[in-house]
Structure formats: structure tokens, C-alpha cells
Amino acid sequence: MSLSARLQAEEGCPDRCIFLPQQAGFKTFTIRNDGDIPWPESVELIRTRGDEFPESPDKVVHRGRVEPGQTVSFTINFRAPSQCDEFISNYRLRDPETCNYFGDRLWIHIKVPDPEELGQ
């Protein structure tokens, strides 16, 4: 048996959402334990690769056991970078005891356009 997770819902900025430089945002991932065993007491949502957003944590920890069939939400608060470009940050759940990743790959994908693109 192994840990398993499936994304159920996302709230906050949709993919390729337009942000002004340094604008604050958030993304909430609601994830279901779709496996046969409980998740560990302190399962972590870890940034695995991609761009680092200012004021964004590298990990968010859920405290408490998550039984099969239960859902939990992880919210990542961030600030858009000051430079203009597209930015993607990738996340996965991780078992803190074994450091093994599991579940769906998740991401935050935003665009900070050049002021000329916005007609300013």
C-alpha cells in the first residue's frame, strides 16, 4: 500500500492569471486522500521546482491525520515578482517521514505582463 492523493478543486488565481508587479495573490488546492491508508500526521505540500514567488513559503504543512476519503485544503499566499514574464511554481505532497512525494502534480502559473501589453 502507498499514499495516494487526487486534486478535487482549486481556488484563487487560475492558470496564466494576469498580475501586476508585486501584486499579492493566493491559490488553494483542495486534495482528497484517494488511497487505502491514512496520510501521516504532518503531510507537507512542497515546492518541488520552478520559480520562487516573493513572500511564498517553500512548504505548507497540514497537521492531523487524513483518513482515506477525507479532503484537506492547502493555501499558498504569494506576491508576484517585480519583473515582467510568466512564472510557474510546481508543488507535490510529501510524506515527512520518508520524504517520498505522492499525489497529483500541482502548480501556480501567473503572468506579469509588460506595461505596454496592458496599454499603459
Side-chain angles (χ1 to χ4, degrees):
M1 290 194 212
S2 61
L3 297 172
S4 184
R6 175 96 34 221
L7 178 66
Q8 297 295 295
E10 297 175 278
E11 294 178 49
C13 65
D15 286 348
R16 294 185 177 92
C17 187
I18 303 294
F19 275 77
L20 297 174
Q22 296 295 307
Q23 181 180 346
F26 78 94
K27 187 137 188 186
T28 298
F29 300 102
T30 300
I31 304 168
R32 181 178 183 265
N33 178 347
D34 70 340
D36 298 326
I37 60 173
W39 293 349
E41 290 287 326
S42 298
V43 70
E44 304 166 327
L45 183 65
I46 301 281
R47 188 178 65 77
T48 56
R49 65 181 185 187
D51 299 300
E52 289 186 42
F53 293 109
E55 300 178 26
S56 171
D58 284 334
K59 71 178 176 181
V60 178
V61 178
H62 172 76
R63 306 262 184 231
R65 192 172 166 114
V66 180
E67 297 293 335
Q70 287 184 314
T71 60
V72 294
S73 294
F74 294 86
T75 297
I76 299 170
N77 294 303
F78 64 91
R79 189 166 296 282
S82 56
Q83 65 269 31
C84 300
D85 205 344
E86 286 197 42
F87 302 92
I88 302 173
S89 191
N90 299 280
Y91 298 85
R92 293 276 312 268
L93 289 176
R94 184 174 76 174
D95 178 346
E97 298 165 10
T98 65
C99 292
N100 291 331
Y101 292 98
F102 67 98
D104 291 334
R105 287 172 172 79
L106 309 169
W107 59 85
I108 298 172
H109 183 177
I110 67 167
K111 182 175 183 179
V112 179
D114 187 287
E116 291 178 13
E117 291 179 54
L118 296 175
Q120 296 180 355

Checking side chain to side chain contact (heavy atoms under 4.5 Å, CB included) for the pair Phe102/Arg94: CA distance, chi angles, key distance, verdict?
CA-CA 6 Å; Phe102 67 98; Arg94 184 174 76 174; 5.8 Å; no
Walk me through it: do Lys59 and Arg47 pass the test side chain to side chain contact (heavy atoms under 4.5 Å, CB included)?
CA-CA 6 Å; Lys59 71 178 176 181; Arg47 188 178 65 77; over 6 Å; no
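No hydrogens or angles considered: nothing links the side chains of Ser89 and Asp51 as a donor-acceptor pair under 3.5 Å. No donor-acceptor contact under 3.5 angstrom links the side chains of Thr28 and Ser73, judged on distance only.
With hydrogens and angles disregarded, a donor-acceptor distance shorter than 3.5 Å links the side chain of Arg92 to the backbone of Gly103.
Cys84 and Asp114 make their closest contact through SG-CA, 3.6 Å (heavy atoms, listed as atom of the first residue, atom of the second, distance). Val43 approaches Pro96 most closely through the heavy-atom pair CA-CD, 4.1 Å. Considering all non-hydrogen atoms of both residues, Pro81 and Phe53 come closest at CD-CD2, 3.8 Å. Nearest heavy-atom pair, Asn33 versus Val66, reported as atom, atom and distance to 0.1 Å: ND2-O, 3.0 Å. In terms of heavy-atom proximity, Pro38 sits nearest to Glu67 at CG-OE1, 3.6 Å. Here the closest non-hydrogen pair linking Glu97 and Pro40 is OE2-CB, 4.0 Å.
Going from atom OH of Tyr101 over to atom CD1 of Ile46 covers 5.5 Å, rounded to the nearest 0.5 Å. Taking SG of Cys17 as the reference point, atom NZ of Lys111 lies at 12.0 Å (rounded to 0.5 Å). How far CD of Gln23 is from CZ of Arg79: 9.0 Å, rounded to the nearest 0.5 Å. Note that CD of Glu86 is 10.5 Å distant from CG of Asp15, once rounded to the nearest 0.5 Å. Taking OG1 of Thr71 as the reference point, atom CG of Asp34 lies at 12.0 Å (rounded to 0.5 Å). Between atom SG of residue Cys13 and atom CD1 of residue Ile18 there is a gap of 11.0 Å, rounded to the nearest 0.5 Å.
Between Trp39 and Val72, the closest side-chain pair of non-hydrogen atoms falls below 4.5 Å. Contact check for Leu7 versus Thr30: no side-chain heavy atoms found under the 4.5 Å cut-off. Within the 4.5 Å cutoff, side-chain heavy atoms of Leu3 are placed close to those of Ile37.
Between Glu10 and Lys27 there is a salt bridge, since at least one side-chain N of the basic residue sits less than 4.0 Å from a carboxylate O of the acidic one. One finds no salt bridge joining Arg63 and Glu41 here, because no Lys/Arg side-chain nitrogen approaches an Asp/Glu carboxylate oxygen to under 4.0 Å.
Criterion: ILVMFWY side-chain heavy atoms under 4.5 Å apart, direct or through other members. Under it, Phe26 and Ile31 are not part of a common hydrophobic cluster. Two different hydrophobic clusters hold Ile110 and Trp107 under the rule that ILVMFWY side chains link at heavy-atom gaps under 4.5 Å. At a threshold of 4.5 Å between side-chain heavy atoms, the hydrophobic network of Ile, Leu, Val, Met, Phe, Trp and Tyr places Val61 and Ile76 in two separate groups. Cluster annotation: Val112 and Ile88 are assigned to distinct hydrophobic clusters (Ile/Leu/Val/Met/Phe/Trp/Tyr, side-chain heavy-atom contacts under 4.5 Å, transitive).
Side-chain rings of Phe87 and Phe78 stay apart, their centers remaining 6.0 Å or farther from each other.
Ring geometry for Phe29 versus Tyr91: interplanar angle of 30 to 60°, hence tilted.
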